[in-house]
Amino acid sequence: MTSASGGKEARKDEIAELARRRGFLWLAFEIYGGAAGFYDYGPLGALLKRRVEEAWRDFYSREGFYEVETTNIAPREIFEASGHLESFIDRAVVCKHCKSFFRRGGGIDVSEKCPECGGELEAAGEFNLMFQTRIGVPKGEREERALKKSEGYLRPETAQGIFLNFQRLLRFNRDKLPFGVIQIGKAYRNEISPRKSLIRLREFTMAEAEVFVDPKEKNNHPRFDDVKDRKLRFVPGDGEEEEKSVEEAVRSGIIANEYLGYHIAKVEEFLDGIGIPEDRMRFRQHEPEEMAHYARDCWDAEFFSDRYGWMEIVGVADRGDYDLSTHASHSNVDMGVHVQPQVQGEVQAEAGKAKTKIIPHVIEPSYGVDRIIYALLESSFYKEQVGNEKRNVLRFKSEIAPIKAAVFPLLNRNELKIKARDVFQKLRDEAIFVEYDDSGSIGRRYRRQDETGTPYCITIDYETLEDDTVTIRERDTMEQVRVAIAEVKDALLK
RNA sequence: GCGGCAAUAGUCUAGCGGUAGGACAUGGGCUUCCCAAGCCUAUAACCCGGGUUCAAGCCCCGGUUGCCGCACCA
């Protein structure tokens, strides 16, 4: 009865079409012709995204990490310090004649001739990928300095806001390491050619955790034992894909330290928890030249898309002390932390023992929320044959489904409708997100909910009027159980 | 950014230089005791801007968006 979806082409079109039609995802500015790289979330998309973000918050709250919310716009000097002004830039040249592309910095400049055909070169797409804006009205407009001082940029990652507040956050954590801080928010990158629906956006949502740790303690994560035996698929920068336990990966040096290993394992746990299939997930290490300017090591959690192949949905980077050190030197603020000397993880608390001062290292899991939404849509979508009819179904986990349940009167008759409305309102009052529908046949209503991923449908029939029981129909199996109205809530949340 | 292809109701699509048609979906009604059934009915479209022409959804030019390839993805 149940079969996997059709061919790849059919599948991708149907997902985009379903997402549009059912109100998950719409091209932004559509009535004015749209703009590449910008999408709006419709009602169901916004709900789905909210559920994922809430699951993420809960997940990292359990790690003891507090959430902050920092600004989207920052003055120029922040990005001078962070290195984004200098490094977050695309420098390519193209030959006017033969259209060959060359990366600049690889020894090729516009003043030279094309190595392929000797034609004239021109700069192509040479600009910083950050959106520039102006903060306030520059005084003395003519003065270059005033103009430069008023330059601002939209953040290309949420992380900087956390680094800028490091001293405050350290104090908040009573001067102790390690600690983690999380943030969910928009980031902006003026991509040259955004494509692939939610995969490359110009405005997107990131969920990032910055974990600050004493560099000497990176191989001493207090809860490493919780994750050490988990087997993950790793693709090391210089090797073949292999399945290994997290502990093996760290001990054999594939993963540089326990902190990185622990957070890679946590990423897998989160993605698995929201329903990304394990067999479509792997962890791939960046090649040295692929690494961002701030990273000393980086592992991507990749999702296998039928449409696009392997694609990054989360990056876990070891940023070392890059960010705190660079902000320390640019701002002249001390980012050092006094730590007790430790022996094998035990604090030596003897009085008088001199503390040492270190710059913490940062381990950063950085989630692309929109890409995760895409991965969920694609991996949850199934086309099935039921009797002579087809059905589209989004098999979201119940916890992240936009709508929890729908309530139907079996027939379009007053006495059933009244009762169904009662049950519907009762569930709403219990803060469960439910829908009511009495249009068309019962089968049609089931199909509608299947396509929006609603895990449960509650149907009121004549038996309900006699004994206050209803049927609950489960989305994936299409099977029904009869449950007393008083127990519906628990049944939905089980 | 470059090149190729494409763009018609919510969705999928038909269309000849001369009245824009269908299917599904959606709203209303009938029917229906559990999976897109049936009947009646209603709403609803030529991406944007120029040009050619008596007349353009159709031909030409430019733009936008999408798909594919190249490049890019710190």
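Note on naming: letters A, B, ... go to the chains in the order of the sequence lines (proteins, then strands), and numbering restarts at 1 for each one. Quantities reported herein were computed from a predicted structural model and do not represent experimental measurements.
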Looking across every strand, which nucleic acid part, if any, lies under 4.0 Å from [X] by heavy atom: base, sugar-phosphate, or nothing?
X	value
Glu451(A)	base
Arg202(A)	nothing
Asp450(A)	nothing
Tyr294(A)	base
Glu30(A)	nothing
Arg200(A)	base

Counting only distance, no hydrogens or angles, is the base of [N] paired donor-acceptor with the side chain of [X] under 3.5 Å?
X	N	answer
Glu191(A)	C73(B)	no
Ser193(A)	A71(B)	yes
Asp461(A)	C34(B)	yes
Arg20(A)	G66(B)	no
Thr471(A)	C34(B)	yes
Arg473(A)	C35(B)	yes
Tyr446(A)	C34(B)	yes

Strictly by Watson-Crick or wobble contacts shorter than 3.5 Å, is anything paired with [N], and which nucleotide is it?
N	result
A36(B)	none
A42(B)	U26(B)
A14(B)	none
U65(B)	A6(B)
U52(B)	none
G1(B)	C70(B)

Measure from the side chain of [X], starting at C-beta and using heavy atoms only, and say which of [options] lies closest.
X	options	value
Val386(A)	C35(B), C34(B), U26(B)	C35(B)
Met478(A)	C33(B), A25(B), C35(B)	C35(B)
Arg195(A)	C68(B), U11(B), G66(B)	C68(B)
Asn412(A)	G1(B), A37(B), U32(B)	U32(B)
Leu411(A)	U32(B), C12(B), C34(B)	U32(B)
Arg447(A)	C12(B), A36(B), C33(B)	A36(B)
Thr459(A)	U32(B), C34(B), C12(B)	C34(B)
Ile442(A)	C35(B), C68(B), U65(B)	C35(B)

Pick the [atom1] atom in [N] and in [M], then give their distance to the nearest Å.
N	M	atom1	value
G15(B)	U52(B)	P	29 Å
C61(B)	U41(B)	C1'	45 Å
C70(B)	U53(B)	P	43 Å
G63(B)	G69(B)	P	23 Å
G62(B)	A23(B)	P	39 Å
G17(B)	A36(B)	P	43 Å
C67(B)	U8(B)	P	15 Å
C24(B)	G38(B)	C1'	16 Å

What's the [atom1]-[atom2] distance between [X] and [N], to the nearest Å?
X	N	atom1	atom2	value
Lys417(A)	U32(B)	NZ	C1'	14 Å
Glu14(A)	U11(B)	CD	P	15 Å
Tyr188(A)	C73(B)	OH	C1'	19 Å
Arg448(A)	U26(B)	CZ	P	5 Å
Ile31(A)	C48(B)	CD1	P	13 Å
Leu129(A)	G1(B)	CG	P	13 Å
Arg21(A)	G10(B)	CZ	P	13 Å
Arg445(A)	A25(B)	CZ	C1'	16 Å

Quiz question: by atom type and distance under 3.5 Å, do the side chains of [X] and [Y] form a donor-acceptor pair?
X	Y	value
Arg50(A)	Tyr41(A)	no
Tyr462(A)	Glu415(A)	yes
Thr454(A)	Lys404(A)	no
Ser366(A)	Glu157(A)	no
Asn392(A)	Glu14(A)	no

>> Looking at Tyr382(A), I'd like to know if the NZ or CZ of Arg395(A) sits under 6.0 Å from its six-membered ring centre while staying within 45 degrees of the ring's axis.
In response: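 Geometry flag: set, cation within 6.0 Å and 45°.
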>> Check whether Tyr39(A) forms a cation-pi arrangement with Arg202(A) (NZ or CZ under 6.0 Å from the six-membered ring centre, at most 45° off the ring normal).
In response: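 No, Arg202(A) and Tyr39(A) do not form such a contact.
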>> By nearest heavy atom, map Pro156(A) and Gly33(A) onto RNA chain B; which one lands nearer the 5' end?
In response: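 Nearest nucleotide further toward 5': that of Gly33(A).
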>> With nearest nucleotide decided by heavy atoms, which residue, Gly37(A) or His286(A), maps closer to the 5′ end of RNA chain B?
In response: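 The residue closer to the strand's 5' end, by nearest nucleotide, is Gly37(A).
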>> Between Glu241(A) and Arg284(A), does any NZ, NE, NH1 or NH2 come within less than 4.0 Å of an OD or OE carboxylate oxygen?
In response: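 No.
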>> With a 4.0 Å cut-off on N to O distance, would you call Glu479(A) and Arg473(A) a salt bridge?
In response: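 No salt bridge links Glu479(A) with Arg473(A).
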>> So, OP1 or OP2 of A37(B): does either fall under 4.0 Å of a side-chain N or O from Ser441(A)?
In response: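 Checking A37(B) against Ser441(A), a side-chain N or O does come within under 4.0 Å of OP1 or OP2.
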> Does Arg444(A) make a side-chain N or O approach to OP1 or OP2 of A37(B) shorter than 4.0 Å?
Replying inline: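 Indeed, a polar side-chain atom of Arg444(A) lies that close.
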> Counting N and O atoms only, with roles assigned by atom type, does the side chain of Arg421(A) sit under 3.5 Å from a partner on the main chain of Tyr436(A), one being a donor and the other an acceptor?
Replying inline: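 Pair absent, no side-chain N/O of Arg421(A) close to backbone of Tyr436(A).
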